[in-house]
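Here the structure is laid out as structure tokens; the discussion comes afterwards.
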Amino acid sequence: MSRRYIPFLLFCCLVLLLPFFLRGAYHIHILILTMMNVILTASLRLILLSGQMSLAHGGMLTVGAYTSALLVLKASFPFWLAFIMAGLFAFFLAWLVGYPFMRIRGIYFSIVTIFFSEMTVLLAQQWEGLTGGSGGIYNIPRPDSVHLFGVKVLDFSSRTGFYYLLALIMLATLLVLHLLEDSRFGLTLKAIRQADILCESFGVDTTLYRVLSFAIGSFFAGIMGSFYSHYVTAITPEAFGFLFTVYILIYMIVGGEKSPLGPIVGAAFLTLLPELLRPLKSFTPFVYAGILLAIVYFLPEGLSGLILKWTERLGRGHA
Amino acid sequence: MKKECLTRVIVFSLLSWFLPYSVSAQTVKIGLISSVTGPMAAVFKSEIEAAKPAAELINKKGGVKVGGKNYMIEIVTGDDQSSPPGAVSAVNKLLQQGVMLFVAPMFIPSNMAISSICEEAKALRVTPNCADLSLFAAPNRLNFNGEASYLNVPHVYMKLKALYPGTKRIAIIRPDDPGAKAITERTIEEIRRQGMEVVFHEAYKIPTEDFYPLLTKALQTKPDAIEGIFAIIPWMRGIINQAREMGFKGPIWLVSACGDTNLLKAAIEPKYAHDIMQAAPDLTSEKMLPIVKEFKRLVETETKTALNYDHIQTLRALLIIVQGIEKAQSLDPERIAKALEEMESIDMPYGKGRFTGKDLIGQNRLMRDPIPFSRFVKEGRIEFEFLPLK
Amino acid sequence: MDLTPFLQSIVNGLALSGIYILVALGLALVLSIMGIVQISHGEIYMLGAYIVYGLTKVLGLDFFPSLLISMFSVGLVGVLLERLCFRPFRGSPDRAFTISLALILILQNVVLSMAGGDPHTYTSPISGVLRFFGVAISWKRVFILIVGFGLLLLLFVLVKRTKVGQAMLAASQEKDGASLLGIDIDSLSALAMFVGCALAALAGILMGSLFSIYPTMGSFALMKAMAVIILGGLGSLGGAVIGGLLLGLIDGILPVFTTTHIAGMVGFGAIILVLIFRPQGIAGHE
């Protein structure tokens, strides 16, 4: 059991030590964006495990971002509490709409989740008294610094503090999602995806499992929304629109949705790619499209599938 | 063999990421952050297009002269993707490249998002046009407003009242945007001060082109005039064409602008192009200063599109920065800021202007210069003048 | 009580219905009836408009010839897409979905790089305003209404009365069974894509003559088309009428009495409710 976790531990070390090798706030910023995308993609994948392709992440991000910002600004909550509350609010919202939504299958479910996201945007624009309307909310305060035994451990006046916070969140998230997937819960989800009627005949409440996976996935979207709003210090209703969610979907497809490695590889690759392709900036959408097409036609398992095949071959070579 | 190539490509790409950016000793980099992509891209497209021609215009005259040396201007664009997170990305990137002078985003949430970062880095910003005055007041010390539409409101309304003395009832149909909201509040104040009444006020979602439902509601209140506050040509086209279709014959105006008057003319039906006004220039008019005419030539050659109001915005911001540098004889943002604050006269595309606003926000950060005013008289004939400063 | 605004809003609503039905027809044929997961339908719509823009403004052709050329060429593009992109993945909607995502990116950005992101305009020769009982509506919109409902009727007749149409309906209900009966699913899909894309192009062209065109105009069309189909019923053309009328009337009347944002929310909310309580739509069969 412990051997399996070695790669993960190596990854942890890499992530935690990376800032020392980098110069410049901008690079750290890119890594922060990458980690955000990893968390969002991984949580989207959890929802997909049960067979539902959800595009509601955008809406949950919006909800989480506004909830956190408003709790801190209007109700003087400390950041840490608002952060958790944002996730919980997204969880319960997903639970609420999840039950009716689960009655719809296939692509129409995805469409309904798109409409849900659009509605959150409209609501944020309309409810000016609460959300500041289309102008959004600004001057959202950064988290207070964290002290451990009187020593300042995390300071948020610079990007590095945010980096470490997000790194910890990401590592925790990946661990949690992995444990969920490997557990009975995860196995049940996968079974439901393949043969839900059969599961029902075994007495499994498939709707409950589906809603639960939807709600847990949305929890992570919610906390990411909160992180975003305190990192950027300003949010607008359209910040997490349709296109944003589509990009997360693309990260997942490119990374490969069969393997838990998929979201990490997909999100990291596609977030960092535009930076490496800086001279070809206007071609970025074409590159994305090309990659998508290549995946569909040649690599249905995604990049993670490719990596796993390579490592398998390497393993076999040693044997 | 293939694997080696691939490794090399990857290593080089990663290395280029880490190598320091080259800085030329003879150029000054000015960052321009605006919406290249996203829902606001249509609004700000011309602003971005104008960057190269504007820099060319200044460089042709010898660039910026500091301490006896001539520096050429180089504009580096950043994309805020129409959202605050994008703006934060863009400004971080540019700051890392050593850029300290910025043409800041006109999209208010983006401008706000980068404010604290720029103030910390002590970077100078000129925002070409912004209606939210708080962005230029403390704690923001280094943000300058290139065109304070807010300040123009009373002057424009004085002119409007003179042209249409009988107007009592005004319907406001404006975009749902924080900048428009700020100007609207000032406008409503002014409307009431002049003894008129706001009979209708609604904000439409960006982008909207079908105004039938909104106009049905608005025209029910029997307004004498329709006020659009600020828009882009496709929206104004919808409002004007459809209002006239529905039988509204009264004046339609914009206390701010929607684009070059000629372009607006081309977009609306000729028989509807009467009694329409906006505080924007007719860029083909003979009254335009030589610098505008030259800029027009450069922009039209470079972009193959007609010179537009938003192109001028970029020129305004650059002229301010360049003259600030020359007056301060320094590239240090704080000294440039001080110079700009104190300069009695700055050459702007419409004439001479200066920064005011101490009474309003505690520091002189709002540009006041001649206000262009265009009017469609009949069948699209344009009358244009500069409103005097008072 | 002054009925005029109420009357005007109903007329506005009907005009919008015409637009929505036109936009939804193509998608109904492709997605709803033939089951091709074509998410880039909005971009096809946009392509039609831009081709007419290119033909009229750049080449100087007249509006109606350009319209026909555009419809035809876009139809052909549809056939090509069906052959290359959708036929190989008929069994897996997920992969088709991904391909159409890629198509969205490609089409939007090709147009962006060729024509720029600025909104463009062109006009149709139809002008003037129809006025009656204090209500005003431009002839352009009336034309769209006529074309929309007219095409719907035509399609209805074609599908119900011709062999090809019947074959399509059979294929939509049970693909394997239909092909066992000797129905050529391949040709049917190609035909459906040709007609569906041509209709999308027509919708885009007419909308472009009313408003302006820009590279991302497709997302609006896609949202409305999906809404109409879902509301009215999957697999049903008659449902498209009902869906279009309902949505058009909501979008035309509601903003007059509340704000545009709330009207939008009601629109989405209605669809979500329909999907929850009657997933097959008001007139659909599945």
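In the text below, chain A, chain B and the rest are named by the order of the sequence lines, each starting its count at 1. Because the structure is a prediction, the values reported are computed rather than measured.
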Of all of [options], which one pairs up most often with chain C through heavy atoms under 4.5 Å apart?
options	answer
A:Leu292, A:Leu122, A:Val97	A:Leu122
A:Tyr297, A:Phe101, A:Phe109	A:Tyr297
A:Val246, A:Ile250, A:Leu123	A:Leu123

If I measure from the heavy atoms of chain C, does [X] come under 4.5 Å with its side chain, its backbone, both, or neither?
X	value
A:Met53	side chain
A:Ile114	side chain
A:Ile291	neither

[atom1] of [X] to [atom2] of [Y]: how many Å apart, nearest 0.5 Å?
X	Y	atom1	atom2	value
A:Ile111	C:Ile229	CD1	CD1	8.0 Å
A:Met119	C:Ile271	CE	CD1	9.5 Å
C:Met265	A:Thr120	CE	OG1	10.5 Å
A:Ile295	C:Arg95	CD1	CZ	10.5 Å

Tell me which pairs pass side-chain hydrogen bond (donor to acceptor under 3.5 Å, both in side chains) where either residue lies in residues 103-112 of chain C, with sequence neighbours left out.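 Pairs touching residues 103-112 of chain C that pass the test: C:Glu43-C:Gln108.
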Measure across A:Val296 and C:Phe89 and return the closest heavy-atom pair with its distance rounded to 0.1 Å.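 Nearest heavy atoms, A:Val296 then C:Phe89: CG1-CZ, 3.6 Å.
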Taking the inter-plane angle between the rings of A:Phe115 and C:Phe268 on a 0 to 90° scale, is it parallel (under 30°), tilted (30 to 60°) or perpendicular (over 60°)?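 Tilted.
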For chain A, which residues of residues 96-107 of chain C have at least one non-hydrogen atom nearer than 4.5 Å to it?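 If one takes a 4.5 Å heavy-atom cut-off, the residues of residues 96-107 of chain C near chain A are C:Phe97, C:Thr98, C:Ile99, C:Leu101, C:Ala102, C:Leu105, C:Ile106.
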Applying a criterion of heavy atom separation less than 4.5 Å, what residues of residues 218-227 of chain C form contacts with chain A?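 So far as heavy atoms go, C:Met223, C:Met226, C:Ala227 are the residues that approach chain A to under 4.5 Å.
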Looking at C:Gly267, C:Cys85, C:Ser113, which one has more heavy-atom pairs under 4.5 Å with chain A than the rest?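 Option with the greatest count: C:Cys85.
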With a cut-off of 6.0 Å (strictly less than), are more than 12 heavy atoms of other residues, nucleotides or ligands near CG of C:Leu84?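 Yes, the 6.0 Å shell around CG holds more than 12 heavy atoms from other groups.
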State which residues pass salt bridge (Lys or Arg N to Asp or Glu O under 4.0 Å) with A:Glu301; sequence neighbours excluded, sorted by chain then number.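 For A:Glu301 the salt bridge (Lys or Arg N to Asp or Glu O under 4.0 Å) partners, ignoring immediate neighbours, are A:Lys258.
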So which part of C:Val37 gets closer than 4.5 Å to some heavy atom of chain A, the side chain, the backbone, both or neither?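 Only the side chain of C:Val37 comes within 4.5 Å of chain A.
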